[in-house]
Chemist: 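Got a structure here, written out as structure tokens. Questions coming.
Predicted model only: the values in this text are computed from it and were never measured. Only this structure's heavy atoms are used, side chains among them; waters, hydrogens and symmetry mates stay out.
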Amino acid sequence: MLIPKVNRNETYKALFSEGVIWAKKDYNLPKHPEVGQGGEAPIDVPNLHVIKLMQSFRSKGFVKEIYSWRHYYWYLTDEGIEYLR
């Protein structure tokens, strides 16, 4: 899937700053509901882009995935931190 660089960078920035990112299992959400640090506005990225980027990171071993109650949770691994730096 082709994802614009702006959306990729926005998602990576949110993941790196928090160390964790989550997404509801809803591929049609127009915007990801993630709230930044200090109650900032949600990142302006479609939910599908976040899910697909994290799927790619999981296959490379950069994040660990947990699925619970129709939500995905991804946690950065040490390799993921090194990659994002």
Side-chain angles (χ1 to χ4, degrees):
M1 173 177 218
L2 296 176
I3 298 172
K5 189 173 185 175
V6 174
N7 290 356
R8 237 181 309 135
N9 289 341
E10 195 73 25
T11 304
Y12 293 166
K13 185 170 64 172
L15 176 64
F16 187 71
S17 67
E18 298 290 327
V20 65
I21 196 166
W22 63 274
K24 185 176 181 182
K25 187 181 176 182
D26 183 358
Y27 302 115
N28 297 319
L29 271 179
K31 196 171 174 184
H32 182 68
E34 178 76 29
V35 177
Q37 289 181 333
E40 297 168 1
I43 57 176
D44 192 24
V45 177
N47 203 43
L48 179 62
H49 289 181
V50 174
I51 292 171
K52 292 301 178 184
L53 283 169
M54 292 302 108
Q55 255 183 4
S56 171
F57 264 36
R58 187 190 71 207
S59 70
K60 295 175 185 174
F62 295 155
V63 294
K64 290 186 179 179
E65 179 182 271
I66 295 175
Y67 181 76
S68 176
W69 290 83
R70 294 186 51 97
H71 285 80
Y72 293 105
Y73 300 91
W74 295 280
Y75 302 93
L76 267 175
T77 61
D78 293 336
E79 294 85 14
I81 293 170
E82 289 298 318
Y83 176 78
L84 289 177
R85 283 189 183 160

Chemist: Are Y12 and F57 close enough that their ring centres sit under 6.0 Å apart?
Modeler: yes
Chemist: Determine which pairs satisfy salt bridge (charged side-chain N to carboxylate O under 4.0 Å, His left out) with at least one residue from residues 47-65, sequence neighbours left out, and list them in order.
Modeler: R58-E65
Chemist: Measuring from H49:NE2 to L29:CG, what's the distance to the nearest 0.5 Å?
Modeler: 12.5 Å
Chemist: Is the shortest heavy-atom distance from the side chain of V50 to the side chain of W22 under 4.5 Å?
Modeler: no
Chemist: For residues T77 and G61, report the shortest heavy-atom separation together with the two atoms involved.
Modeler: OG1-O, 3.0 Å
Chemist: Mind listing the closest non-hydrogen atom pair of L76 and F16 along with its distance?
Modeler: CD1-CA, 4.1 Å
Chemist: Which residues pass the side-chain hydrogen bond (donor to acceptor under 3.5 Å, both in side chains) test with Y27, sequence neighbours left out?
Modeler: Y72
Chemist: Are F62 and L84 side-chain neighbours, meaning at least one heavy-atom pair lies under 4.5 Å?
Modeler: no
Chemist: From N7 CG over to D44 CG, what is the distance, rounded to the nearest 0.5 angstrom?
Modeler: 7.5 Å
Chemist: Not counting sequence neighbours, list each pair that qualifies as a salt bridge (charged side-chain N to carboxylate O under 4.0 Å, His left out) and has a residue in residues 66-85.
Modeler: E82-R85
Chemist: Under the criterion side chain to side chain contact (heavy atoms under 4.5 Å, CB included), which of I3, L53, T11 is the partner of V45?
Modeler: T11
Chemist: Under the side-chain contact (heavy atoms from CB on, under 4.5 Å) criterion, do I21 and V63 qualify, and how do the steps go?
Modeler: CA-CA 10 Å; I21 196 166; V63 294; over 6 Å; no
